[in-house]
Amino acid sequence: MRQKELRLALICYGGVSLAIYMHGITKEVWKLAKASRDFHDGTRDNSCSRATYYDILEWMAEETGVKLRVLPDIIAGASAGGINGIFLSQAIISGESLEPLTEMWLETADVDTLLDPDARPLSRFSKFWAEPIAWMALGRKGGALEQTVSKEAREEVKMKLSRFVRARWFAPPFGGKIFSGLILDALATMKKTERGPKLLPPGQPLDLYVTVTDFVGHPEKLQLHSPPEALEMEHRITISFSTRKKYSDDIADPAELVFAGRATASFPGAFPPFTVTELDRVLAERDQAWPNRANFLKRILPNQTRAGTADDTILIDGSVLANAPFAQAIEALKNRPAKREVDRRFVYIDPRPDLEVAKSDRALQRLQAAQDAEDDKLPGFFSTIFGAISNIPREQPIRDNLDDISRRSNRIIQMRQITENLRSEVEQNVEAIFGRTLFLDKPTAARLAVWRRKSRDKASKLAGFSYSAYGHLKLSTVLEDIAHTVKRAAADANVHNHQALRGVLWDELRRRGFQNIAKKGGAGPSKLAADFFREQDLGYRIRRLRFLARRFAEDLDSAHPEEYAVIEQMHDVIYDCLSIYIERETIEYLGDDFVTLAEHAESQPSAMLASLAKARDLSSADALVDKKLADAMASLPKAEKRSMLLAFLGFPFYDIATLPLLQGEGLDEFDPIKVDRISPEDAKSIRQGGVASTLKGIEFNNFGAFFSRSYRENDYLWGRLHGAERMIDILLSTVVESKRPDEVKTLEFKKTIFRAILDEEEGRLTRVAPLITSLRKEIERATP
């Protein structure tokens with residue numbers, strides 16, 4: 001059975017009270033991950049949607065011969081999405097349950113709970129002059145209440161909104177300490193649940209990113225030509241957590257998760273800004289320790305820590321500047337282990353895509369009105385200001401991020417086309433060097449090492465004068481990797497900007513005698529260059545194994561079924577070898593000695609380079625990889641062995657031809673990245689109409705679900721239904737189109753999971769009984 005991984009990078013948008021809807025979606029992501037673990041452990045759980053996901057995975061294995069594993073390993077969120085991302089990450093890493101959080105969302109995500117004690121009206125006469133305003137807004141027949149609030153929720157909303165209106169003005173009504181306490185309670189409740197198995201395999205990291213806005217801002221250096229440096233006020237902060245080289249049952253200390261959750265969801269005007277001092281008070285009241293406090297603040301607020309202002313730094317909602325944190329998720333793609341073929345998906349949860357459509361419609365209307373106007377005057381002073389405030393969205397468009405992903409995927413496709421077109425010529429050269437009889441011999445580690453050196457030297461000689469250009473680019477690529485590694489190790493905020501360090505490294509190489517990288521006549525690298533590449537060129541090794549993995553996948557598709565077992569073993573060995581090199585890219589692998597030298601790299605470049613070479617120890621890694629590959633190749637059928645050896649020994653030819661064209665881009669992912677969206681507009685198997693026909697929390701500018709339990713139950717249920725539908729869509733899209741189920745079979749899977757969700761939730765969601773009755777009928781009426 002062929003192994004494949006569906007890796008999910010989740011990007012969770014903000015949405016205020018639509019956090020409850022997103023909880024329903026992330027709960028389905030969690031259940032799918034659990035079902036995947038069940039399937040690979042061979043232990044079927046018959047509860048709810050988990051059983052249906054298991055059945056789909058089983059069907060896929062039987063019909064396509066592919067055993068799929070689902071791994072949510074990158075999560076990035078802002079505001080409401082950030083909180084849901086934190087809880088989901090903790091459940092994935094720890095094996096804890098998300099089930100208790102459902103009751104938390106339904107019970108405590110309510111204005112009566114969230115109101116700050118100091119903001120609560122002391123009596124019905126508090127701010128008595130506001131009563132007529134509340135009456136005018138809510139009490140009139142045919143007024144706003146009747147027009148916007150469902151009949152079953154009107155009395156509850158009227159009562160709570162009256163209290164809300166009479167709460168303090170000109171100060172946020174919701175309590176910050178209350179909010180922090182609720183997050184702590186939620187994490188503690190998860191801890192009390194019975195732990196299941198972790199949902200990521202050993203060695204597979206989970207990266208979590210939560211965006212926050214620094215209200216005052218902090219200065220960051222810009223490196224320019226003139227002046228050499230300038231300062232810019234930066235307001236964006238990304239709080240990151242990772243399990244790389246960390247063997248804990250938690251994604252982070254609970255205090256740190258509360259810091260991230262409370263800060264990212266400090267919606268302006270509703271919640272007070274967050275400060276560390278507030279969290280300290282909450283922890284002190286609960287007698288709860290935070291042992292890693294100093295290190296955490298130094299990592300998240302480095303400038304403020306140096307200035308001594310970290311405790312009082314004012315942090316507000318992450319969605320103010322980064323509501324769609326795609327960039328953080330893209331950054332997390334680097335240095336990820338891979339032990340089998342990967343189908344990478346970026347899945348973003350957008351509960352209100354209708355807002356973008358509405359903005360687009362309004363923009364078109366304004367454009368048409370401007371074109372129809374008789375005069376062509378520019379907008380005036382006030383119209384420009386108010387137009388900017390009201391019409392330009394505070395959320396950044398995601399088009400640039402999606403374009404980056406598309407360009408990355410296109411480079412991967414381009415690289416594959418180039419190497420395929422070169423294949424015939426390269427294989428002829430390899431056969432000319434070694435002779436066809438080579439492929440009848442049993443490869444050993446010693447032979448493989450000699451063969452790859454011989455192939456590399458021959459490819460260099462055949463390249464002639466062009467090798468010099470390739471060699472210089474290769475050297476530049478290695479130095480860029482080293483500079484980036486140094487910046488990451490030193491936790492430098494300007495990790496992508498290392499002009500000074502780059503100059504120091506080039507000076508060090510010139511000091512060592514790197515005047516010419518190629519031998520005289522251009523036939524291969526000089527001895528200095530060859531030794532340097534042997535010690536430091538990690539990228540070349542990773543590119544070679546990625547290439548081998550792609551070639552092997554092609555062979556696997558055309559192999560005879562009786563030979564799958566032995567061929568699959570080779571597949572696993574390739575990815576095991578790849579993980580040996582990829583692990584050496586991580587800072588955690590390099591150790592504390594290198595981290596110390598990295599902080600002084602510009603003054604001690606030679607010591608830093610020596611420490612890096614010693615920590616990575618690529619020669620030992622090469623010997624281990626040669627042994628693993630040789631042993632695996634020895635047992636392959638003759639045709640597959642020949643193909644693997646041709647690819648392995650031919651790689652120097654491919655690299656010399658393609659590195660100058662694409663500079664290594666497109667070699668760090670197995671396949672192009674695909675992007676999927678989850679929203680009410682994308683899940684219409686039950687009900688058409690999208691957001692307007694399904695969600696209640698959209699009322700009061702997305703605060704609606706805070707005013708009514710029935711609204712929360714409604715949105716949570718739709719979140720589960722929409723999440724389940726889209727999870728099935730994404731699962732089935734991993735199958736080649738010719739083997740996917742038809743529309744009838746797909747809808748059958750969806751109806752089964754919809755019924756299971758309603759059966760599970762009917763006893764809990766007592767306020768939306770009519771909705772559940774209606775949904776059962778709508779499900780039965782649904783057609784492809």
Query raised in the report: Given E107 and T113, is the side chain to side chain contact (heavy atoms under 4.5 Å, CB included) satisfied, shown in steps?
Result: CA-CA 9 Å; E107 281 292 328; T113 303; over 6 Å; no

**Report entry** Non-neighbouring partners of F179 that pass ring pair (Phe, Tyr, Trp, His ring centres under 6.0 Å), sequence neighbours left out
**Finding:**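 Applying ring pair (Phe, Tyr, Trp, His ring centres under 6.0 Å) to F179 gives F271.
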
**Report entry** Partners meeting ring pair (Phe, Tyr, Trp, His ring centres under 6.0 Å) with F39 (sequence neighbours left out)
**Finding:**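 With sequence neighbours excluded, F39 shows a ring pair (Phe, Tyr, Trp, His ring centres under 6.0 Å) to Y54, given in chain and number order.
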
Any side-chain heavy atom of [X] within less than 4.5 Å of one from [Y]?
X: W718; Y: L771; answer: yes
X: D250; Y: E96; answer: yes
X: N84; Y: I349; answer: no
X: L765; Y: L106; answer: yes
X: L98; Y: Q90; answer: no
X: I75; Y: L8; answer: no
X: P680; Y: Y21; answer: yes
X: K674; Y: D343; answer: yes

Give, for atom [atom1] of [X] and atom [atom2] of [Y], the distance between the pair rounded to the nearest 0.5 Å.
X: I183; Y: F87; atom1: CD1; atom2: CZ; result: 6.0 Å
X: T52; Y: K750; atom1: OG1; atom2: NZ; result: 13.0 Å
X: D350; Y: I678; atom1: CG; atom2: CD1; result: 11.0 Å
X: I74; Y: L10; atom1: CD1; atom2: CG; result: 9.5 Å
X: L758; Y: I772; atom1: CG; atom2: CD1; result: 6.0 Å
X: I686; Y: R781; atom1: CD1; atom2: CZ; result: 11.5 Å

Query raised in the report: Is there a side chain to side chain contact (heavy atoms under 4.5 Å, CB included) between I237 and T213 once you walk through the steps?
Result: CA-CA 6 Å; I237 293 177; T213 304; over 6 Å; no

[X] bridged to [Y] by N-O distance under 4.0 Å:
X: K684; Y: D682; result: no
X: R764; Y: E713; result: no
X: R50; Y: D45; result: yes

For the residue pair [X] and [Y], what are the closest heavy atoms and their distance?
X: L695; Y: N714; answer: CA-ND2, 3.9 Å
X: R740; Y: W59; answer: C-CH2, 4.2 Å
X: L71; Y: L200; answer: CB-CD2, 3.8 Å
X: L68; Y: H40; answer: O-NE2, 2.9 Å
X: A782; Y: L747; answer: O-CD2, 3.6 Å
X: L208; Y: S89; answer: CD1-OG, 3.5 Å

Any donor-acceptor pair under 3.5 Å linking the side chain of [X] with the backbone of [Y]?
X: T734; Y: L731; answer: yes
X: T773; Y: A769; answer: yes
X: S733; Y: I730; answer: yes

Query raised in the report: Going through the checks in order, is the salt bridge (charged side-chain N to carboxylate O under 4.0 Å, His left out) test met by E103 and R709?
Result: CA-CA 11 Å; E103 203 57 38; R709 163 125 189 176; 3.5 Å; yes

Report task. Measure from NZ or CZ of K745 to the centre of the six-membered ring of F749, then state whether that distance is under 6.0 Å and the direction lies within 45° of the axis. Result ->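 Yes, K745 lies over the aromatic ring of F749.
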
With [X] via side-chain contact (heavy atoms from CB on, under 4.5 Å) - residues at least two apart:
X: S49; value: E28, K31, Y53, R720, I753, I757
X: D55; value: R44, E58
X: A260; value: I86, V210, I239, F241

Query raised in the report: How about E278 and S180: does a side-chain donor come under 3.5 Å of a side-chain acceptor?
Result: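 Distance-only check passes for E278 and S180.
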
Query raised in the report: Is there a donor in the side chain of S242 and an acceptor in the side chain of D207, or the other way round, less than 3.5 Å apart?
Result: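 There is such a pair (donor and acceptor under 3.5 Å, judged by atom type) between the side chains of S242 and D207.
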
Report task. Step through it carefully: locate the ring centre of Y716, locate the ring centre of H23, and say whether they are under 6.0 Å apart. Result ->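 Centroid separation for Y716 and H23: below 6.0 Å.
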
Query - Step-by-step side-chain hydrogen bond (donor to acceptor under 3.5 Å, both in side chains) determination, S679 to R726 - result: CA-CA 9 Å; S679 80; R726 294 297 288 141; over 6 Å; no

**Report entry** Pair F706-V16, side chain to side chain contact (heavy atoms under 4.5 Å, CB included): steps then yes or no
**Finding:** CA-CA 9 Å; F706 289 154; V16 199; 3.8 Å; yes

Query raised in the report: Does the salt bridge (charged side-chain N to carboxylate O under 4.0 Å, His left out) test come out yes or no for R286 and D185, once each step is laid out?
Result: CA-CA 11 Å; R286 295 173 176 238; D185 291 341; 2.7 Å; yes

Query raised in the report: In terms of the angle between their ring planes, are F326 and F346 parallel, tilted or perpendicular, with boundaries placed at 30° and 60°?
Result: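 F326 and F346: parallel rings.
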
Query raised in the report: What do the steps show when you test I314 against D214 for side chain to side chain contact (heavy atoms under 4.5 Å, CB included), and what is the final call?
Result: CA-CA 6 Å; I314 299 172; D214 181 351; 5.7 Å; no

Requested in this report: Applying salt bridge (charged side-chain N to carboxylate O under 4.0 Å, His left out) between R755 and each of E748, E760, E762, E780, report the one that passes.
Outcome: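 When E748, E760, E762, E780 are each tested with R755, the salt bridge (charged side-chain N to carboxylate O under 4.0 Å, His left out) holds only for E780.
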
Requested in this report: Might you work through the side-chain hydrogen bond (donor to acceptor under 3.5 Å, both in side chains) test for R712 and S708, ending with a clear yes or no?
Outcome: CA-CA 6 Å; R712 294 193 289 279; S708 170; over 6 Å; no

Report task. For side-chain hydrogen bond (donor to acceptor under 3.5 Å, both in side chains), just list the numbers for E194 and S97, CA-CA rounded to whole Å, side-chain angles, deciding distance to a tenth of an Å, and then say yes or no. Result -> CA-CA 7 Å; E194 182 179 351; S97 176; over 6 Å; no

Requested in this report: Take D676 and R345, measure what salt bridge (charged side-chain N to carboxylate O under 4.0 Å, His left out) needs, and give me the verdict at the end.
Outcome: CA-CA 7 Å; D676 300 289; R345 302 297 179 92; 3.0 Å; yes

Query - Listed once per pair and sorted, the salt bridge (Lys or Arg N to Asp or Glu O under 4.0 Å) pairs that draw on residues 77-95, sequence neighbours left out - result: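 Counting only pairs at least two positions apart or across chains, no salt bridge (Lys or Arg N to Asp or Glu O under 4.0 Å) contact touches residues 77-95.
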
Report task. Run the numbers on K198 and S94 for side-chain hydrogen bond (donor to acceptor under 3.5 Å, both in side chains), then give the verdict. Result -> CA-CA 6 Å; K198 297 184 178 185; S94 66; over 6 Å; no

